[in-house]
A.B. asks: 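Supplied in structure tokens, the structure appears directly below.
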Amino acid sequence: MKKKRVGILFGGKSAEHEVSLQSAVNVVEAIDKEKYEVVLIGIDKTGQWSLNDALLLEADPSRLPAITKGDTGDSVTLVQSGAGHQLVRISDNQPLAPVDVIFPVLHGPFGEDGTVQGLLKLADVPFVGASVLGSAVAMDKDVMKRLFRDAGIPTPRFLAFEKFRASEIDFDEVVKHLGIPFFVKPANLGSSVGVSKVNDSGDFAGAIKEGFQYDSKILIEAFIEGREIECSVLGNEHPVASVPGEIVPQHEFYSYEAKYLDEHGALLKIPAELPEAVVREVQDLAVRSFRVLCCEGMARVDFFLRGEGEVLVNEINTIPGFTRISMYPKLWEASGISYTELIDRLIRLALERFEREQKLKTSYEPES
């Protein structure tokens, strides 16, 4: 059987750029080389696309790598041609090789928010993960939580502010609605980048400024005293949930440093020690959240467990961290799906969706 050519798309303009490379390294190492031929496509922080095999494979595993402007590699773009889904060199417009599917491991804006997904749909290239709508609404925490609220999915109380309304943000009003402490975070970002915990009025101005450095909209969210639970979801029309896991932060909260820079930043309990009824509720809410946001392929759903069993959905990530020690693959491993098999399933889900969408009409032909 001819190998499928899989384009691993990584890097990007997001503040989560370095995390993306870390995920890509692990995907490349684990993908079944008997079934798939890998094409590595790196995007630097300026948005330049390159074929960057050597850069990724030689990355220092002891630190978070990055693609910087000037790294070697052939500039590429994605186009559709009669020969199939092509990677074409910009300089001389000569085809390099057809790709059968793209596996994006781009975290955050310009990758997880529907922008790349829209490009790939226009280019008629199959891709792993949520499509344009699911990616976009899951990326914007304000829109995501409003959809949860409308669907009756329990989520922490929150307020959202655009940057042009920054002067209206009043500490006392926030405390009145959310209590204290509370969190301030960019609406469209992940990996805890730009997130601040506000314990008193002295923290407030700095937290607002920090959040607006990364996005033109911020979310201010009530602090929830409880356990942090995560659950992975896999599938298209019939998604299924993994066993839940628990994160026990060793920092004040599960910050960027705790996730990626401090090997002792958090304890991961997989599976989480939960009553069976709570496990079922977490899994049910994970699948419901996935469907409400029109997600496909994969997502990790993050929860708070408060008191004796009150479950709140915090957020959903449509391109979750994908390193070998990330919760998304580890939860599936605990559920009986190995890292390599998980990659294979995600690729098959992408191709199945593409084949299904190819049967849809794209033009109107009135009956004669």
Side-chain angles (χ1 to χ4, degrees), residues 112-114 129-162 173-179 181-190 195 217-247 254 271-272 274-320 327-328 331 335:
E112 193 176 352
D113 59 356
S131 193
V132 178
L133 178 61
S135 298
V137 297
M139 188 77 250
D140 189 312
K141 295 180 179 66
D142 171 35
V143 175
M144 172 189 69
K145 287 177 177 290
R146 281 190 270 146
L147 288 171
F148 285 163
R149 191 170 58 192
D150 185 63
I153 292 173
T155 193
R157 296 185 317 263
F158 68 96
L159 299 168
F161 295 92
E162 294 89 351
E173 282 297 309
V174 171
V175 173
K176 178 181 175 181
H177 284 88
L178 304 180
F182 54 82
F183 284 96
V184 178
K185 57 182 71 173
N188 290 273
L189 204 56
V195 175
K217 181 166 63 172
I218 61 170
L219 199 77
I220 305 180
E221 190 175 71
F223 170 74
I224 303 297
E225 185 73 53
R227 297 163 65 183
E228 296 187 32
I229 306 297
E230 298 188 349
C231 187
S232 297
V233 181
L234 176 69
N236 288 339
E237 296 100 327
H238 306 288
V240 293
S242 70
V243 298
E246 180 174 5
I247 294 171
Y254 199 31
L274 299 169
E276 187 57 38
V278 175
V279 170
R280 288 196 299 270
E281 183 176 4
V282 165
Q283 292 173 323
D284 175 66
L285 282 172
V287 170
R288 282 180 58 198
S289 300
F290 188 87
R291 285 179 164 150
V292 162
L293 299 189
C294 304
C295 294
E296 297 162 291
M298 64 177 166
R300 191 195 71 236
V301 187
D302 301 345
F303 299 84
F304 293 118
L305 178 60
R306 184 162 59 181
E308 295 301 313
E310 182 186 9
V311 180
L312 301 173
V313 178
N314 181 33
E315 63 183 42
I316 189 167
N317 295 269
T318 55
I319 304 184
M327 280 292 264
Y328 184 82
L331 289 173
S335 304

A.B. asks: Could you measure the distance from the CG atom of N188 to the CD1 atom of I218? Nearest 0.5 Å is fine.
C.D. replies: 12.5 Å
A.B. asks: Is S135 reaching over with its side chain to a backbone N or O of D113, donor-acceptor style, under 3.5 angstrom?
C.D. replies: no
A.B. asks: Could you check if a side-chain atom of F161 sits within less than 4.5 angstrom of a side-chain atom of I220, using non-hydrogen atoms only?
C.D. replies: yes
A.B. asks: Measure the shortest side-chain to side-chain distance between E225 and R306 over non-hydrogen atoms and say whether it is less than 4.5 angstrom.
C.D. replies: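 Side-chain contact under 4.5 Å: no.
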A.B. asks: State, yes or no, whether a side-chain contact exists between N317 and D302 at a heavy-atom distance under 4.5 Å.
C.D. replies: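 N317 reaches D302 side chain to side chain.
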A.B. asks: Taking CD in E276 as the centre, count heavy atoms belonging to other residues, nucleotides or ligands within less than 6.0 Å. Is the count above 12?
C.D. replies: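 Yes, the 6.0 Å shell around CD holds more than 12 heavy atoms from other groups.
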A.B. asks: Does the side chain to side chain contact (heavy atoms under 4.5 Å, CB included) test come out yes or no for I229 and F304, once each step is laid out?
C.D. replies: CA-CA 6 Å; I229 306 297; F304 293 118; over 6 Å; no
A.B. asks: Return the minimal non-hydrogen interatomic distance between P320 and M298, and the atom names on each side.
C.D. replies: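 Closest heavy-atom pair between P320 and M298: CD-SD, 4.1 Å.
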A.B. asks: Quick one: CZ on F148 to CD on E315, what's the gap to the nearest 0.5 Å?
C.D. replies: 9.0 Å
A.B. asks: Is there a side-chain contact between V279 and V243 in this structure, where contact means two heavy atoms from C-beta onward sitting under 4.5 Å apart?
C.D. replies: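 Side chain of V279 against side chain of V243, heavy atoms only: no contact under 4.5 Å found.
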A.B. asks: Got I247 and E230 here, is their nearest side-chain heavy-atom distance under 4.5 Å?
C.D. replies: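 Side-chain contact under 4.5 Å: yes.
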A.B. asks: Using every non-hydrogen atom in the two residues, find where C294 and L133 come nearest and quote the distance to one decimal.
C.D. replies: SG-CD2, 3.8 Å
A.B. asks: So how far is it from E112 CD to M139 CE, rounded to the nearest 0.5 Å?
C.D. replies: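 Here the rounded value is 5.0 Å.
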A.B. asks: Per the side-chain hydrogen bond (donor to acceptor under 3.5 Å, both in side chains) rule, what does the pair list look like for residues 282-298, sequence neighbours excluded?
C.D. replies: E296-R353
A.B. asks: If I take atom SG from residue C231 and atom CG from residue L331, how far apart are they, to the nearest 0.5 angstrom?
C.D. replies: 7.0 Å
A.B. asks: Quick one: closest heavy-atom pair of G235 and F290, and the distance?
C.D. replies: O-CZ, 3.5 Å
A.B. asks: Look up atom CD1 in I153 and atom CE in M144, then write down how far apart they are to the nearest 0.5 Å.
C.D. replies: 10.5 Å
A.B. asks: Looking at SG of C295 and CG of N236, how far apart are the two atoms once the value is rounded to the nearest 0.5 Å?
C.D. replies: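 One gets 11.0 Å once the value is rounded to the nearest 0.5 Å.
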A.B. asks: Can you tell if the side chain of E228 reaches within under 4.5 Å of the side chain of E246, non-hydrogen atoms only?
C.D. replies: no
A.B. asks: When you look at I224 and L312, which way does the side chain to side chain contact (heavy atoms under 4.5 Å, CB included) test go after all the steps?
C.D. replies: CA-CA 9 Å; I224 303 297; L312 301 173; 3.9 Å; yes
A.B. asks: Given the rule in the side chain to side chain contact (heavy atoms under 4.5 Å, CB included) test, do L178 and F223 qualify, once you have shown the distances and angles that lead to the verdict?
C.D. replies: CA-CA 8 Å; L178 304 180; F223 170 74; over 6 Å; no
A.B. asks: Counting only N and O atoms by type, is there a donor-acceptor contact under 3.5 Å from the side chain of Y328 to the main-chain atoms of V233?
C.D. replies: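 Yes, because the side chain of Y328 sits within donor-acceptor range (under 3.5 Å) of the backbone of V233.
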A.B. asks: Which side-chain hydrogen bond (donor to acceptor under 3.5 Å, both in side chains) pairs, counting each pair once, include a residue from residues 142-152, with sequence neighbours left out?
C.D. replies: D142-R146, D142-K217, K145-T155, K145-E221
A.B. asks: Dump the intermediate steps for side chain to side chain contact (heavy atoms under 4.5 Å, CB included) on L285 and V311, then the final yes or no.
C.D. replies: CA-CA 9 Å; L285 282 172; V311 180; 3.7 Å; yes
